Amino acid sequence: ATKLGQLDFDAIVDVIEAGLGSPGTNPKARMDLEAEIYATGLSEVPVACIKYITILTNGGKPLAEDENKDRQDPNQPAA
């Protein structure tokens with residue numbers, strides 16, 4: 001997670017590639033994935049990767065903040 005926080009592009013690609021279930025299998029697919037990540041923007045992707053890793057380390061369970069959002073009454077404005 002440290003490299004993700006440092007915005008290490010290779011680490012970001014590694015996490016997404018592993019999440020897709022295809023780590024290091026195809027160099028062309030990796031280049032395509034790198035292009036998609038870059039196009040999405042490096043301000044959003046690392047945050048999502050860190051959240052993904054955190055959920056994995058939490059046994060696959062959602063984070064407490066996500067659980068609270070799910071329990072909120074949809075008719076009530078967010079706090």
Side-chain angles (χ1 to χ4, degrees):
T2 302
K3 287 190 175 195
L4 292 176
Q6 295 171 348
L7 302 180
D8 182 310
F9 190 72
D10 286 329
I12 293 166
V13 175
D14 289 345
V15 167
I16 294 173
E17 201 172 38
L20 292 171
S22 59
T25 56
N26 182 335
K28 167 115 175 57
R30 183 174 175 103
M31 286 177 29
D32 292 344
L33 179 60
E34 289 173 353
E36 286 185 51
I37 293 168
Y38 190 79
T40 299
L42 292 178
S43 62
E44 296 179 27
V45 177
V47 174
C49 285
I50 291 169
K51 184 174 181 178
Y52 174 72
I53 295 289
T54 304
I55 291 170
L56 289 178
T57 60
N58 194 32
K61 296 180 223 157
L63 305 174
E65 65 189 40
D66 291 340
E67 289 176 344
N68 290 337
K69 286 179 188 174
D70 291 342
R71 291 184 189 144
Q72 267 184 342
D73 182 348
N75 298 319
Q76 294 294 323

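No experiment lies behind these values; they were computed from the predicted model shown.
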Undergrad: Does anything in residues 19-30 form a salt bridge (Lys or Arg N to Asp or Glu O under 4.0 Å)? List the pairs, not counting sequence neighbours.
TA: Asp10-Arg30, Asp14-Arg30, Glu17-Arg30, Lys28-Asp32, Arg30-Glu34
Undergrad: Any chain of hydrophobic side-chain contacts (each under 4.5 Å) joining Val15 to Val47?
TA: no
Undergrad: Report yes if some heavy atom in the side chain of Ile37 is under 4.5 Å from a heavy atom in the side chain of Phe9; otherwise report no.
TA: yes
Undergrad: Using the rule that two of Ile, Leu, Val, Met, Phe, Trp, Tyr join whenever any of their side-chain heavy atoms come within less than 4.5 Å, decide whether Met31 and Ile16 are in one cluster.
TA: no
